[in-house]
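Notes for the one structure printed next.
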Amino acid sequence: MNSYGSFPGARPRRLRTTPAMRRMVAETRLRPADLILPAFVREGIAEPVPIQAMPGVVQHTRDTLRKAAVEAVEAGVSGIMLFGVPEDAKKDAAGTVGTDPDGILQVAIRDVKAEVGDELVIMSDVCLDEYTDHGHCGVLDADGRVDNDATLERYAEMAQVQADAGVHVVGPSGMMDGQVGVIRDALDTIGKEDVSILAYTAKYSSAFYGPFREAVGSSLKGDRKTYQQDPANVRESMRELALDLEEGADMVMVKPAGPYLDVLAKVAESVDVPVAAYQISGEYSMVEAAAEKGWIDRDKAILETLTGIRRAGAQMILTYWATEVARNLSAGR
């Protein structure tokens with residue numbers, strides 16, 4: 001008993017009584033503009049190729065990629081992150097097709113730019129893993145290890161050809177030391193000061209990338225533990241963050257999103273630049289697989305995972321559900 005009446009005096013449940021009440025007092029709001037659509041475009045195909053490990057996601061043809069970009073704009077999605085999938089015969093040790101102005105990613109950038117212009121922020125992956133015959137994110141030295149500094153030279157070339165193709169944002173994802181600074185210098189050298197850099201600041205060596213490797217037709221044997229971050233570490237991420245900002249990153253990202261919400265929150269609290277998170281292929285596939293089994297409510301689970309990422313501090317979320325979720329949000333569902 002207290003002076004204000006019967007126990008309990010505080011009843012937080014009053015603010016949960018109706019959908020309208022819950023909506024009014026919601027602390028975290030997810031909007032279509034918060035979302036970015038990752039998309040794969042594959043060379044040499046006449047029809048989209050379904051990705052078996054990612055139900056509902058495809059390797060696009062050039063034509064269907066254009067359509068997907070238009071649909072993203074119409075849904076209110078802010079950006080599209082493009083990944084190129086070349087023909088296997090064009091892969092080599094240096095990932096040469098990745099810096100070919102007529103390579104599949106550069107062609108796709110021009111296609112999307114011609115289709116939607118500046119209505120969608122066009123982003124591109126700066127990494128060699130899709131283009132090398134060994135599947136690593138960089139060139140290898142004589143001992144078969146990824147050569148950091150030689151790889152930086154390749155990243156500089158990649159960023160330049162992507163910028164020439166019309167991209168708005170480049171996303172260096174290979175976790176090479178110094179990659180942001182080298183790319184910033186390379187872009188500025190050719191007069192592309194307006195092209196932004198989304199730094200993959202904390203990209204962890206994760207088991208959840210599995211379906212992505214099917215999506216890009218990866219040739220990888222082994223793992224990437226010598227350059228992607230150890231899942232056990234967080235101070236390491238903060239050091240990477242400081243370096244990326246010093247080198248000129250315009251935006252920073254944590255990848256994967258769900259298993260690393262603590263890292264995401266720590267990064268978001270520490271910076272005054274936009275923060276992104278990538279809800280990766282394995283996160284997507286787990287929800288889709290469980291929903292297919294009837295174990296979870298698919299739509300509610302999708303929204304809950306995205307809200308959690310937004311609540312942890314991400315202003316932008318890369319998710320394969322971007323267009324679908326944006327439509328549902330706009331419709332009030």
Side-chain angles (χ1 to χ4, degrees), residues 34 36 38 78-83 95 98-99 105-106 109 113 118 120-129 137-139 146-204 224 227-229 233-255 257 260 263-278 313-318:
D34 299 331
I36 297 166
S78 285
I80 187 167
M81 174 65 81
L82 300 177
F83 297 89
T99 50
L105 181 54
Q106 287 69 253
I109 293 168
K113 183 80 169 184
D118 295 333
L120 196 63
V121 178
I122 304 170
M123 304 177 169
S124 55
D125 181 51
V126 179
C127 194
L128 290 173
D129 60 324
C137 296
V139 295
V146 174
D147 187 324
N148 189 94
D149 296 0
T151 299
L152 293 181
E153 296 179 18
R154 301 289 295 125
Y155 285 3
E157 295 175 45
M158 289 188 79
Q160 288 177 334
V161 296
Q162 292 173 8
D164 285 338
V167 79
H168 298 108
V169 178
V170 294
S173 63
M175 290 301 289
M176 296 298 123
D177 295 337
Q179 61 187 14
V180 172
V182 165
I183 288 172
R184 183 73 271 160
D185 287 345
L187 292 171
D188 293 351
T189 296
I190 62 169
K192 298 295 183 181
E193 295 91 350
D194 288 343
V195 174
S196 301
I197 298 176
L198 170 60
Y200 281 60
T201 292
K203 183 179 180 182
Y204 283 88
R224 300 184 173 123
Y227 44 102
Q228 293 179 350
Q229 283 186 234
N233 296 345
V234 63
R235 285 196 299 269
E236 184 179 26
S237 292
M238 304 312 292
R239 185 182 184 197
E240 293 278 6
L241 175 63
L243 291 169
D244 283 348
L245 293 174
E246 182 181 341
E247 291 173 23
D250 299 288
M251 300 170 277
V252 297
M253 184 156 68
V254 174
K255 179 181 181 182
Y260 298 93
V263 179
L264 173 59
K266 195 172 181 67
V267 168
E269 291 169 358
S270 303
V271 300
D272 56 5
V273 300
V275 176
Y278 197 146
Q315 295 163 262
M316 304 167 290
I317 305 173
L318 284 77

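- A donor-acceptor pair is defined here as one N or O able to donate and one able to accept, closer than 3.5 Å; such a pair exists between the side chain of Gln179 and the backbone of Met175.
- Between Arg184 and Asp250 there is a salt bridge, with a side-chain nitrogen of the basic residue lying less than 4.0 Å from a carboxylate oxygen of the acidic one.
- Smallest separation of non-hydrogen atoms from Gln228 and Tyr204: OE1-O, 3.6 Å.
- You'll find the side chain of Glu247 stays beyond 4.5 Å of the side chain of Ile197, heavy atoms only.
- If you run side chain to side chain contact (heavy atoms under 4.5 Å, CB included) between Val182 and each of Leu152, Asp149, Thr151, only Leu152 comes through.
- Of all the heavy atoms in Ala277 and Ala314, the pair that sits closest is CB-CB, 3.9 Å.
- Counting only heavy atoms from C-beta outward, the side chains of Val267 and Met238 approach each other to under 4.5 Å.
- Distance check, rounded to the nearest 0.5 Å: CG of Leu264 to OG1 of Thr201 gives 11.5 Å.
- Annotation: side chain of Leu82 is not in contact with side chain of Gln162 (no heavy-atom distance under 4.5 Å).
- Shortest non-hydrogen contact noted between Cys137 and Gly174 is CB-CA, 4.1 Å.
- Put simply, the side chain of Ile122 reaches to within 4.5 Å of the side chain of His168, judged on heavy atoms.
- Taking CG of Leu241 as the start and CE of Met253 as the end, the distance is 13.5 Å to the nearest 0.5 Å.
- Of all heavy-atom pairs spanning Val180 and Ala199, the tightest one is CG2-CB, 3.8 Å.
- Counting heavy atoms from C-beta on, the side chains of Met316 and Ser78 never come closer than 4.5 Å.
- In this structure, CD in Gln106 is found 8.0 Å from OG in Ser124, a value given to the nearest 0.5 Å.
- Nearest heavy atom pair, residue Asp125 against residue Ser173, reads OD1-OG, 2.6 Å.
- Between Arg154 and Glu157 there is a salt bridge, since a side-chain N of the basic residue sits under 4.0 Å from a carboxylate O of the acidic one.
- Residues Ile190 and Asp164 form a side-chain contact, since some pair of their non-hydrogen atoms from C-beta on lies under 4.5 Å apart.
- Contact check for Leu318 versus Lys255: no side-chain heavy atoms found under the 4.5 Å cut-off.
- Looking at Val146 and Met176, their side chains come closer than 4.5 Å, going by heavy atoms from C-beta outward.
- Rounding to the nearest 0.5 angstrom, the gap separating the CG atom in Leu245 from the CE atom in Met251 is 12.5 Å.
- Summarising the local packing, CD of Glu193 is surrounded by more than 12 heavy atoms from other residues, nucleotides or ligands at distances under 6.0 Å.
- Closest heavy-atom contact between Asn233 and Gln229: O-NE2, 4.5 Å.
- Of the residues listed (Ile109, Leu120, Val121), the one engaging Ile80 in a side chain to side chain contact (heavy atoms under 4.5 Å, CB included) is Leu120, and it is the only one.
- Ring orientation note: the planes of Tyr278 and Phe83 are tilted relative to one another, at an angle of 30° to 60°.
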